[in-house]
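See structure below.
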Amino acid sequence: NADYMKIPENFDAIQSQSEALLNGASVVTVENGTITCDFTEASVFTITFSDVYAAREINMLVDNVNDLKENKYVINITGMDVPEANGFMFDAGASQGDINTTKTKILLNGINYAYAKEMTGAIDTQKQCNTDGMKLIFNFPDATGEIFPNLLGGHVVAPKATVTPTGGNHEGSVIAK
């Protein structure tokens, strides 16, 4: 049914909302090969792709892992409309100090956060699925290539890009081209 979701008409609004997430964001810099998003200090950060590419590690700081389901947090990654950004992989399954030049590691308080296993609301003993969800958004407002999240918890918004989750669970929504 062509009237069901009216995707073409609504995608412009999604693009506008993605761009609006940039408003009021704190800007981060690379320090010792790591980008730190201190969510105890701010809830929205903007990182340039060139910084992500140089650092290859984003560390999110929270007081408590349950903050990810109780508070809205946004990590904007901009400047991804360049050829080097095509095929970008960000990996929540990596650990601090892992060396892999094809991935950017996503850490929580300095460690792997693939499943945020300490978060309340897990539905099995392996704690691989959390029905409470997260309010964490990875926003790529100008990305035009392919993005590959691996073992990611949180939502991915990339209205101009192709997003293909790889390996394991992806706990969150994907809004992409």
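Distance check: Thr34 OG1 to Glu57 CD gives 3.5 Å after rounding to the nearest 0.5 Å. Taken to the nearest 0.5 Å, the CG atom of Leu21 stands 5.5 Å off from the NZ atom of Lys72. In this structure, OG1 in Thr164 is found 9.5 Å from CE in Met89, a value given to the nearest 0.5 Å. Atom OG1 in Thr46 sits 10.0 Å away from atom CD1 in Ile75 (nearest 0.5 Å). Taking OG of Ser43 as the start and CD1 of Ile137 as the end, the distance is 10.5 Å to the nearest 0.5 Å.
No side-chain heavy atom of Glu70 sits under 4.5 Å from any side-chain heavy atom of Asn64. No side-chain heavy atom of Phe148 sits less than 4.5 Å from a side-chain heavy atom of Asn150. A 4.5 Å side-chain heavy-atom check between Cys37 and Ile58 finds at least one atom pair inside the cut-off.
Taking the side-chain hydrogen bond (donor to acceptor under 3.5 Å, both in side chains) definition, one finds that Ser50 meets it with Thr48, sequence neighbours left out. Taking Ser26 as the reference, Ala42, Phe45 meet the side chain to side chain contact (heavy atoms under 4.5 Å, CB included) condition, with sequence neighbours excluded. With sequence neighbours left out, Gln17 forms a side chain to side chain contact (heavy atoms under 4.5 Å, CB included) with no residue at all. Looking at residues two or more places apart in sequence or on another chain, you find a side chain to side chain contact (heavy atoms under 4.5 Å, CB included) between Val163 and Ile147, Pro149, Val156, Ala158, Pro165, Val174, Ala176. Under the side-chain hydrogen bond (donor to acceptor under 3.5 Å, both in side chains) criterion, Glu146 pairs with no residue at all, not counting sequence neighbours. Scored by the side-chain hydrogen bond (donor to acceptor under 3.5 Å, both in side chains) test, Asn109 finds no partners at all (sequence neighbours excluded). Evaluation of the side-chain hydrogen bond (donor to acceptor under 3.5 Å, both in side chains) rule for Glu19 yields Gln15 as partners, not counting sequence neighbours. The ring pair (Phe, Tyr, Trp, His ring centres under 6.0 Å) check on Phe49 picks up Tyr53, Phe88, with sequence neighbours excluded. In this structure Asp142 satisfies the side chain to side chain contact (heavy atoms under 4.5 Å, CB included) test together with Thr78, Met80, Asp81, sequence neighbours excluded.
Checked by atom type and distance alone, the side chain of His155 never pairs as donor or acceptor with a backbone atom of Asn139 at under 3.5 Å. Within the 3.5 Å criterion, the main-chain N or O of Ile14 finds no donor-acceptor partner in the side chain of Ser18.
Scanning both residues, Pro159 and Phe140, for their nearest heavy atoms gives CD-O, 4.0 Å. When all heavy atoms of Lys135 and Lys69 are compared, the closest pair comes out as CE-O, 3.5 Å. When all heavy atoms of Pro141 and Ile77 are compared, the pair lying nearest together is CD-O, 3.6 Å.
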Worked verdict on Leu68 versus Leu108 for side chain to side chain contact (heavy atoms under 4.5 Å, CB included): CA-CA 10 Å; Leu68 294 173; Leu108 180 62; 3.9 Å; yes
Test side-chain hydrogen bond (donor to acceptor under 3.5 Å, both in side chains) applied to Thr40 and Asp38, step by step: CA-CA 5 Å; Thr40 67; Asp38 188 345; 2.4 Å; yes
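The ring pair (Phe, Tyr, Trp, His ring centres under 6.0 Å) analysis of residues 64-85, with sequence neighbours excluded, yields the pairs Phe39-Tyr73.
Linking Ile, Leu, Val, Met, Phe, Trp and Tyr residues whenever their side-chain heavy atoms come within less than 4.5 Å leaves Leu61 and Val28 in two separate clusters. No chain of hydrophobic side-chain contacts below 4.5 Å, direct or via other Ile, Leu, Val, Met, Phe, Trp or Tyr residues, connects Val44 to Leu22. By the rule that hydrophobic residues join a cluster once side-chain heavy atoms approach within less than 4.5 Å of another member, Val30 and Val52 end up as members of one cluster.
Taking a 6.0 Å sphere around CG of Asn23, one finds it holds more than 12 heavy atoms contributed by other residues, nucleotides or ligands.
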